[in-house]
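Taking it in order: structure first as structure tokens, then the write-up.
Numbering of residues begins at 1 and proceeds along the displayed sequence.
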Amino acid sequence: MTDYQNILDSIYKELLTREDKGEVANYIPELAKVDKTKLGIYLNNIHGKNYSVGDAKIKFSIQSISKVFTLAMAFANQGNKLWSRVDVEPSGNPFNYLALLEQEEGIPRNPLINSGAIVVADCLLSTYENPKAELLNFVRNLANDDSIDFNPQVAASEMKTGFTNFAIANLLKSFGNLENPVEDVLDFYFHQCSLEMTCEQLSNAFFPFANKGVCMQNNDCLTATQAKRINAIMLTCGFYDEAGEFAFEVGLPGKSGVGGGIVALLPDNFIITTWSPGLNEKGNSYLGMLALEKFTTATKASIF
């Protein structure tokens, strides 16, 4: 039987001693204030007990990890019609890259880069009267935790400095791939990115992706096929232009965010979340990537 707690303790102890912890995302003023020495890991073992170490119960801005939740909502609501507006191919480019979007005439390469997530946000605005409330309810129900909320300071900070996202949204609009006003779509998008959660809450919320669409409360949140498809997109697109490296080193579907969080999962087994705010040059958590590589090496847990 795998001694998960001992493995997590060993990884945590080793990584805390590293001098290089990456750099926080200073282009979002609120994120620049976060202490980059923080490190938390939480493992939700879907068939047994759960494990944690370090700062696993401190809330942080989940940022792009939220794209998986909005994708799940839109996919559950629209089904395969969604793929007429956003593709499912890896981009091989940074998350806020503009040139590819223009070249491909306003169809984002996948829903986990900014342009794709903005199209998904637009879909939710067209579907729900109050999409922010619907998103909160969806995530709270997944995690079975009503304390999850947006951070209005982070949302305002992104609205004030998100010039590239405004450019992306306007380009999408020019190609007819946004139905709603740019300002409304981005207001929702910046709020979804400002969601604050702990490693524990994120691991719990990702339960249905590891459990054929069934959440911790034994409710069907997605079909098994939809969960499978979203896992495939996470594996190939969840880490932007470092997705191949993550698949090579870690071997699990997952999603990162510039707040320093990473969620990864092994279907039918576990969900593991790491949080360390210092990022590498690709915008992924420096220590989080190392932690997950060490974890799958120690446990021999991989989809391959």
Side-chain angles (χ1 to χ4, degrees), residues 1-25 34-63 65 143 197-207 209-211 216 231 234-235 238-239 242-304:
M1 186 175 175
T2 306
D3 188 349
Y4 287 119
Q5 191 61 57
N6 186 54
I7 290 168
L8 294 185
D9 289 341
S10 175
I11 293 169
Y12 178 77
K13 186 176 179 181
E14 179 184 347
L15 293 183
L16 275 188
T17 64
R18 296 184 73 100
E19 286 189 25
D20 186 1
K21 292 179 170 60
E23 298 298 330
V24 295
V34 181
D35 179 2
K36 72 176 183 180
T37 65
K38 297 293 186 185
L39 175 62
I41 310 173
Y42 190 91
L43 178 75
N44 184 326
N45 182 353
I46 70 174
H47 299 300
K49 64 178 293 191
N50 303 329
Y51 306 87
S52 68
V53 66
D55 301 308
K57 297 191 178 183
I58 294 179
K59 291 193 175 187
F60 60 91
S61 183
I62 73 168
Q63 293 293 313
I65 298 171
M197 298 172 72
T198 67
C199 292
E200 179 178 6
Q201 290 169 331
L202 270 169
S203 289
N204 293 343
F206 266 66
F207 196 93
F209 304 110
N211 193 41
M216 288 178 66
N231 284 340
M234 282 197 280
L235 181 71
F239 296 83
E242 202 171 13
E245 181 75 9
F246 190 81
F248 183 77
E249 296 289 353
V250 178
L252 299 173
K255 184 71 194 83
S256 62
V258 296
I262 300 177
V263 188
L265 60 93
L266 181 61
D268 302 318
N269 282 273
F270 61 73
I271 310 98
I272 183 169
T273 302
T274 65
W275 173 52
S276 179
L279 309 179
N280 63 19
E281 68 280 358
K282 303 287 190 181
N284 297 314
S285 173
Y286 180 70
L287 293 187
M289 297 283 276
L290 284 174
L292 290 168
E293 187 276 325
K294 291 178 182 297
F295 177 80
T296 54
T297 297
T299 59
K300 298 180 174 58
S302 164
I303 64 168
F304 301 112

Indicate the atoms forming the closest heavy-atom contact of G288 with T274, along with that distance. CA-OG1, 3.5 Å
Check: G22 main-chain N/O paired with K36 side-chain donor or acceptor under 3.5 Å: yes
Note, D3 side chain near Q5 side chain (heavy atom, < 4.5 Å): yes
At their closest point, which heavy atom of P277 faces which heavy atom of K38, and how far apart are they? CD-O, 3.4 Å
Considering the options I62, V34, T198, which one meets the side chain to side chain contact (heavy atoms under 4.5 Å, CB included) requirement together with W275? V34
Backbone N/O of V250 and side chain of T296: donor-acceptor pair under 3.5 Å: yes
Under the ring pair (Phe, Tyr, Trp, His ring centres under 6.0 Å) rule, collect the residues that match up with Y42, sequence neighbours excluded. none
Closest non-hydrogen atoms of L15 and A291, given as atom of the first, atom of the second and distance, are CD1-CB, 3.6 Å
Under 3.5 Å: donor-acceptor pair, side chain of N231, backbone of F209: yes
Hey, could you give me the NZ/CG distance between K21 and N280, rounded to the nearest 0.5 Å? 15.5 Å
Close side-chain approach of L43 to I271, heavy-atom, < 4.5 Å: no
Quick one: does L287's side chain get under 4.5 Å of R18's, heavy atoms only? yes
In terms of side-chain heavy atoms, does T273 have a donor or acceptor partner in S203 at a distance below 3.5 Å? yes
P267 versus I303, closest heavy-atom pair with distance: CD-CG2, 4.0 Å
Mind checking the CG-CD1 spacing from N50 to I46? Nearest 0.5 Å is all I need. 10.5 Å
Check whether any side-chain heavy atom of V53 lies under 4.5 Å from a side-chain heavy atom of K13, and answer yes or no. no
Test F270 against F206 for ring-ring contact (aromatic ring centres under 6.0 Å, His included), laying out the working first. CA-CA 10 Å; F270 61 73; F206 266 66; over 10 Å; no
Nearest heavy-atom contact between A298 and I7 is CB-CG2, 3.9 Å
Is any side-chain heavy atom of Y12 closer than 4.5 Å to one of L39? yes
Is there a side-chain contact between L292 and I272, using heavy atoms and a 4.5 Å cut-off? yes
If we only count heavy atoms from C-beta on, is the M289 to E242 side-chain gap below 4.5 Å? yes
Indicate yes or no: at least one non-hydrogen side-chain atom of Q201 is less than 4.5 angstrom from one of K59. yes
Between atom NZ of K57 and atom CD of E200, what is the distance when rounded to the nearest 0.5 Å? 4.5 Å
With distance as the sole criterion, is a donor-acceptor pair present between the side chains of N204 and N44 under 3.5 Å? yes
Which residues pass the ring pair (Phe, Tyr, Trp, His ring centres under 6.0 Å) test with Y286, sequence neighbours left out? none
Reported CD1-to-SG distance for the pair I262 and C199, which is rounded to 0.5 angstrom: 10.0 Å
Rounding to 0.5 Å, atoms CG (L252) and OG (S302) come to a distance of 6.0 Å
Tell me whether the count of non-hydrogen atoms from other residues, nucleotides or ligands lying under 6.0 Å of CD in E23 goes above 12. no
The criterion is salt bridge (charged side-chain N to carboxylate O under 4.0 Å, His left out); which residues satisfy it with K294, sequence neighbours excluded? E14
In Å, rounded to the nearest 0.5 Å, how long is the span from CG of D9 to CD1 of I11? 9.5 Å
Is the side chain of S10 donor-acceptor paired with the backbone N or O of N6 at a distance under 3.5 Å, no angle test? no
Give the ring-plane orientation class for F246 versus F239, where under 30° counts as parallel, over 60° as perpendicular and anything between as tilted. parallel
